[in-house]
Amino acid sequence: MDSLTKAASKYDEAAISRCMELVTSKQKTLYAACKAYGIPQSTVRYRLSSKWTTKVRKGPQTVLTKAEEHKLVQYVISMQRKGYPVVKELLLHKVKTIFEACPRPNPFTNNKPGRKWLKGFLRRHREITFRTPESVSSASAKVKESDIRGWFATITSYMEENDLMAAALDPTRVYNGDETSFFLHPKTKAVLACRGSQNVFEVEHADSHKNITVMFTFGADGSAVEPGVVLPMQRLSAELLRMFPGDWGIGKSSKGWMDTTNFMLYIQNVFLKHLQKRKVKLPVLYFVDGHY
């Protein structure tokens, strides 16, 4: 056995085959495909050359066909891009539906594979791995380039019509606010996603769990406004209020969400006082979640 054959035996044959498919179909360059699967370029070059004669795959055949596994990979990638990444149980259920649609002998109980199959599947398809997703709202997930350009055009038109361009050019008069929720009962789960993905996002679903909402506001000049906190309570005790700095805004709502009443109280009791303290010229531009 020559050195290249010895080196190739260290890597999963299915992974090598998939890597070669990406190169021959020109979906990826040789460098990118080999990096994705952790296979030396020399191994793939040798397999693609006329010198390679051992074409027979070693080990048992996979229970799914190559085409079926490819569809599963594409399904995982597609769902990740849509903001609904696939969890382990969903992938295993998809395999079960394949066997139910096209019955055939398989070693699984009730046609549903387990951990061993999943481990082999991920080894064969190195472009897929487990990641922890970051939640984003459904509105944020649907934003397109045309939406962003349209937003800037609308803002510019509004400022010109209302003589606010001077405020826009003064960093002491431009502020951005953002509501950040801290869930009291977070549920973190791993999902299947493309290996090397910088971010994996998951569109938020309706959730009845209570949370604490904090309003953060920062000026374009780098200044920070005192935060406003909304707690999931019916009443705020004096003892609780003493636990917060006196210049913070403290509000309450049934589930700890920011509502119109709490937002207006924050503007009147915190934001406006901050502007008066710094002697900021009015009016100012205040952006919150893309609104102004």
Side-chain angles (χ1 to χ4, degrees), residues 5-25 27-28 32-40 43-44 47 52 54-135 185-197 199-207:
T5 306
K6 289 180 180 179
S9 64
K10 298 179 182 179
Y11 303 96
D12 184 82
E13 287 295 325
I16 296 176
S17 297
R18 178 59 183 151
C19 183
M20 292 169 62
E21 286 181 15
L22 293 176
V23 176
T24 55
S25 63
Q27 296 181 47
K28 287 182 179 291
C34 292
K35 183 177 181 181
Y37 285 89
I39 299 171
T43 298
V44 177
R47 292 292 187 94
W52 172 246
T54 309
K55 308 291 183 180
V56 181
R57 180 185 180 277
K58 297 181 180 180
Q61 294 294 322
T62 57
V63 291
L64 294 177
T65 66
K66 186 179 296 184
E68 288 170 337
E69 290 208 350
H70 178 67
K71 286 183 178 179
L72 283 177
V73 172
Q74 294 306 308
Y75 170 72
V76 170
I77 295 174
S78 175
M79 292 301 288
Q80 178 191 343
R81 290 172 178 171
K82 293 176 181 178
Y84 298 95
V86 176
V87 297
K88 179 185 70 174
E89 286 301 319
L90 179 55
L91 180 66
L92 300 182
H93 179 74
K94 291 292 289 186
V95 175
K96 180 179 179 180
T97 61
I98 292 175
F99 285 123
E100 290 176 346
C102 301
R104 76 199 74 168
N106 66 78
F108 309 135
T109 302
N110 296 325
N111 292 325
K112 187 176 180 179
R115 183 174 58 182
K116 184 176 180 180
W117 177 87
L118 179 60
K119 183 178 179 181
F121 177 79
L122 295 178
R123 186 172 62 248
R124 290 189 295 275
H125 303 281
R126 299 301 179 98
E127 67 268 42
I128 303 297
T129 187
F130 278 108
R131 294 286 301 276
T132 300
E134 177 183 348
S135 295
H185 301 283
K187 290 184 178 180
T188 302
K189 62 182 182 298
V191 298
L192 292 161
C194 293
R195 185 182 299 275
S197 298
N199 297 295
V200 179
F201 298 108
E202 180 180 25
V203 178
E204 292 178 340
H205 302 280
D207 196 334

Checklist entry - Does any non-hydrogen side-chain atom of T129 lie less than 4.5 Å from one of L122? => result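 The answer is no, as the side chains (C-beta and beyond) never meet within the 4.5 Å cut-off.
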
Looking only at non-hydrogen atoms, find the nearest pair between [X] and [Y] and report the distance.
| X | Y | result |
| --- | --- | --- |
| F99 | L64 | CZ-CD2, 3.7 Å |
| C19 | Y37 | CB-CD1, 3.9 Å |
| V86 | V76 | CG2-CA, 4.2 Å |

Out of curiosity, [X] [atom1] to [Y] [atom2], how far, rounded to the nearest 0.5 Å?
| X | Y | atom1 | atom2 | answer |
| --- | --- | --- | --- | --- |
| K119 | R123 | NZ | CZ | 7.0 Å |
| T62 | R124 | OG1 | CZ | 5.5 Å |
| R115 | L92 | CZ | CG | 12.0 Å |
| K96 | N106 | NZ | CG | 11.0 Å |
| S25 | M20 | OG | CE | 11.5 Å |
| K71 | I98 | NZ | CD1 | 8.0 Å |

Checklist entry - For K94, does the NZ atom sit with more than 12 other heavy atoms under 6.0 Å from it, leaving out its own atoms? => result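 Open.
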
Next on the checklist: Between E127 and R18, does the salt bridge (charged side-chain N to carboxylate O under 4.0 Å, His left out) criterion hold? Intermediate values first, please.
Outcome noted: CA-CA 10 Å; E127 67 268 42; R18 178 59 183 151; 3.6 Å; yes

Item to check | side chain to side chain donor-acceptor pair (under 3.5 Å) partners for R104, two or more places apart | outcome: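 So R104 forms a side chain to side chain donor-acceptor pair (under 3.5 Å) with E68.
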
Item to check | Parallel, tilted or perpendicular: rings of F121 and H125 (30°, 60°) | outcome: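 Taking F121 first and then H125, their aromatic rings sit tilted (interplane angle of 30° to 60°).
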
Item to check | Carboxylate-amine/guanidinium proximity below 4.0 Å for K66 and E21 | outcome: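 Salt bridge between K66 and E21, a charged N being under 4.0 Å from a carboxylate O: yes.
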
Checklist entry - Does the pair F130 and K88 meet the rule for a side chain to side chain contact (heavy atoms under 4.5 Å, CB included), with working shown? => result CA-CA 9 Å; F130 278 108; K88 179 185 70 174; 4.2 Å; yes

Item to check | Derivation of the side chain to side chain contact (heavy atoms under 4.5 Å, CB included) call for I128 and L72 | outcome: CA-CA 10 Å; I128 303 297; L72 283 177; over 6 Å; no

Checklist entry - Given V73 and E69, is the side chain to side chain contact (heavy atoms under 4.5 Å, CB included) satisfied, shown in steps? => result CA-CA 6 Å; V73 172; E69 290 208 350; 5.6 Å; no

